[in-house]
There are 2 protein chains.
Amino acid sequence: MAKGRGKRVTIGDVAREADASVTTVSRVLNDVSTVDETLADRVRQAIADLGYRPSATAQGLARGRSGTLGVLVPDLANPHFSDLVKAFSATVRDSGARVLVMDSDEDPTVERELAEDLLRYADGLLLCAPRMPRADLAALAARGAPLLVANRRAPGLALHTVGVDFHQGVLAVCGHLAQLGHRRVVYLAGPEGSWANRERLRALAGAEAFGLHVTVLPCGSTTDEGHAVAETALAAGGTALVAYNDFVALGLLSRFAELGVRVPDDISLTGFDEIDLARFSSPPLTTVAVPRSGLGRAAATALIRLLRGGTGGAPDGGTDADDPENAEAEALPVELHVRGSTSAPS
Amino acid sequence: MAKGRGKRVTIGDVAREADASVTTVSRVLNDVSTVDETLADRVRQAIADLGYRPSATAQGLARGRSGTLGVLVPDLANPHFSDLVKAFSATVRDSGARVLVMDSDEDPTVERELAEDLLRYADGLLLCAPRMPRADLAALAARGAPLLVANRRAPGLALHTVGVDFHQGVLAVCGHLAQLGHRRVVYLAGPEGSWANRERLRALAGAEAFGLHVTVLPCGSTTDEGHAVAETALAAGGTALVAYNDFVALGLLSRFAELGVRVPDDISLTGFDEIDLARFSSPPLTTVAVPRSGLGRAAATALIRLLRGGTGGAPDGGTDADDPENAEAEALPVELHVRGSTSAPS
DNA sequence: GTGAAAGCGCTAACAG
DNA sequence: CTGTTAGCGCTTTCAC
């Protein structure tokens, strides 16, 4: 029986036990080229008896691919990324591979190194690195490994990306607010260098076109930061507050409750990202739902397709890098959810 | 330069380029047995020129270990586990290894398979599987691979565990409530089979000793479930509600806000787990902080130690399984945080 | 101090 | 349909 002894059970042990060759064992393992049923059964029996499991490492070496995909995120504790990773993993697993996760702890200076390390293990990489310097991105791309970048664009870099249409989301928020009659809104900005924040700002600028005047206040991305900035935000003289994300919005809401400021009667408030709790605040939050799981699935699908396509797979020459059509972007639609935290200005 | 061509750069390429042997290259790679500085420099230069990165797979095969640790969690989107995995990964990475994450999606029927698969890739495994059948656990343990189980006990199974002292946490909550003068509390129970829930119930039973009468109401672990059970909970006739976790508590709070029930004036409420948002609800939640990151770190440390110790490492005989001292438990302390959601009964 | 050669466990031509 | 034989890229005795 499969008692946990010292040495690993190898394919050779199985072959011996089943009185077959390792090739045959390998064949039944990968159910390939019809092996005689009797023999196959004997092999399966031996596998079961010995509790044999093929070593993924050996398979990887022999096959030339590890069966592993990497994903690098800035913060796994952020629901945005844990949902993404979760969906990514599920899809990847369905395709028969596994996922190696790395967390850069929001530190752009280690991202490059982590990514390179990940590539030693993985067949491909999903990169969520909103603040990685362009040069590092270029260097990674030049490694030639299948690389997919999430929520970030890198013009002229010929890399594949997937992302969420933040622009449209912010526009939807602004449209909603404008329609309610708001004219002056204040935006509580997210992290400085982040692509998501830049994208929001870009959209906000566009929103001025339909009669909205927006003031930008530095803030951040956490509940704490939202809480801390509440009074300043109030003083900024808008009738509506557009928070960088739901965490910030909930922080504001919390502070407002303490201050006796009523939302939306005294001031309207919107979030972004739709975390689970957004429906359960008082009042429930008007926010933009972004397809986190959808993004994870899309990323997995795209990366797997890249793998299959074989980037630079041709031994010599073939489709090389400077193909302008080589880069490919995908932007998933978002959805505005109007709830109790917004109303017409008083 | 390191242009991303078709073929992978191997140690042989580096050796050729540096006019050295692969052995030497391997040596400078693993900085072992003083290689002559001149030669070493030449090798390093070649490595840089070629953009060489050792294949983790090949290293794994040759070394007999993959440099990868696995972790299986029920739900990566749950902050409890994402924090745990994050801290686990960080610690594991500091020790030079990587982490393979798998998410069982709360489905106990796939856990066994996922764990076995993980073990094909990883040198060791951290198992968070609160509902895995004992037999499966035993089977995994019998595989002989370094295995660490989080937040769950398995008497007689001689496996290593780390966990949080839920028992003490619940007792602290009850003590707090009792001291405020509560006599009748209702517990909103978590998922049926889960160890965490069983542990809470066990502690609750103990709490009756100091004068608390507790009614148990089935509920669940999500905000939605808390929201849904609110009215029933109210009708159960307690002066305080002990929620399975913070999500449930926030769901209750949300529903209470809709119903005009005031917390803590009309009823006291406690959570468990201290999610980030617990401080920001209205009122802020009295809850029990569990050291999620600490648990992740402790798990990593323990697992790494197991790896070093070499479970069943002795080729024949040696320290075998039925050693009673072989199993080892670690229970991290928790901390009650009293906030605005609890007060003396009216 | 350095290199040649034998594997690590598996897959994949290539014969029979 | 089945087995023999090379490797996959690296580490590691073991000689030099």
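Reminder, nothing fancy here: chain letters follow the sequence lines and each chain counts from 1. Values below: every heavy atom of this structure, side chains too, minus hydrogens, waters and symmetry copies. Nothing here was measured: the structure is a model prediction, and the numbers come from that model.
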Next on the checklist: Can you see if the side chain of A/Ser55 gets near the phosphate of C/dC10 - specifically, an N or O under 4.0 Å from OP1 or OP2?
Outcome noted: no
Checklist entry - Rounded to whole angstroms, how far apart are CD1 on B/Ile11 and C1' on D/dC8? => result 14 Å
Checklist entry - Salt bridge between B/Arg120 and B/Glu116, side-chain N to carboxylate O under 4.0 Å? => result no
Checklist entry - What integer distance in Å separates B/Asp31:CG from D/dT11:P? => result 12 Å
Next on the checklist: Looking at the base of C/dG3, is there any donor atom on it, or on the side chain of B/Arg27, that sits under 3.5 Å from an acceptor on the other one?
Outcome noted: yes
Checklist entry - More 5' along DNA chain C: B/Val35 or A/Gln59, using each one's nearest nucleotide? => result B/Val35
Next on the checklist: Can you measure B/Asp13 atom CG to D/dC10 atom C1' for me and round it to whole angstrom units?
Outcome noted: 13 Å
Item to check | Presence of salt bridge, A/Asp103 and B/Arg93, under 4.0 angstrom | outcome: no
Next on the checklist: Check this for me: does any side-chain nitrogen of one of B/Glu111 and B/Arg131 sit under 4.0 Å from a carboxylate oxygen of the other?
Outcome noted: no
Checklist entry - If you look at every strand shown and take non-hydrogen atoms under 4.0 Å, does A/Thr23 touch a base, only sugar-phosphate, or nothing? => result base
Checklist entry - Can you find a side chain N or O atom of B/Ser21 that sits less than 4.0 Å from OP1 or OP2 on C/dG3? => result yes
Checklist entry - OP1 or OP2 of C/dG3 less than 4.0 angstrom from a side-chain nitrogen or oxygen of B/Thr24, does that happen here? => result yes
Checklist entry - Can you check the A/Asp36 CG to D/dG3 C1' distance for me, whole Å? => result 15 Å
Checklist entry - Roughly how many Å is it from CZ in B/Arg120 to P in C/dG9, rounded to a whole number? => result 15 Å
Next on the checklist: Strictly below 4.0 Å, N to O, side chains only: are A/Lys86 and A/Asp83 in salt-bridge contact?
Outcome noted: no
Next on the checklist: Whole angstroms only, please: what is the CZ-P distance between A/Arg65 and C/dG9?
Outcome noted: 21 Å
Checklist entry - Expressed in angstrom and rounded to an integer, what is the separation of A/Arg63 atom CZ from C/dA12 atom P? => result 7 Å
Checklist entry - What is the distance, rounded to the nearest whole Å, between atom CZ of B/Arg8 and atom C1' of D/dG7? => result 16 Å
Checklist entry - Between A/Val73 and A/Leu84, is any pair of side-chain heavy atoms under 4.5 Å apart? => result no
Item to check | Side chain of A/Ser26 (C-beta onward), nearest among C/dT2, C/dT11, D/dG9 | outcome: C/dT11
Item to check | Touch class at under 4.0 angstrom, heavy-atom based, for A/Thr34 against every strand present | outcome: sugar-phosphate
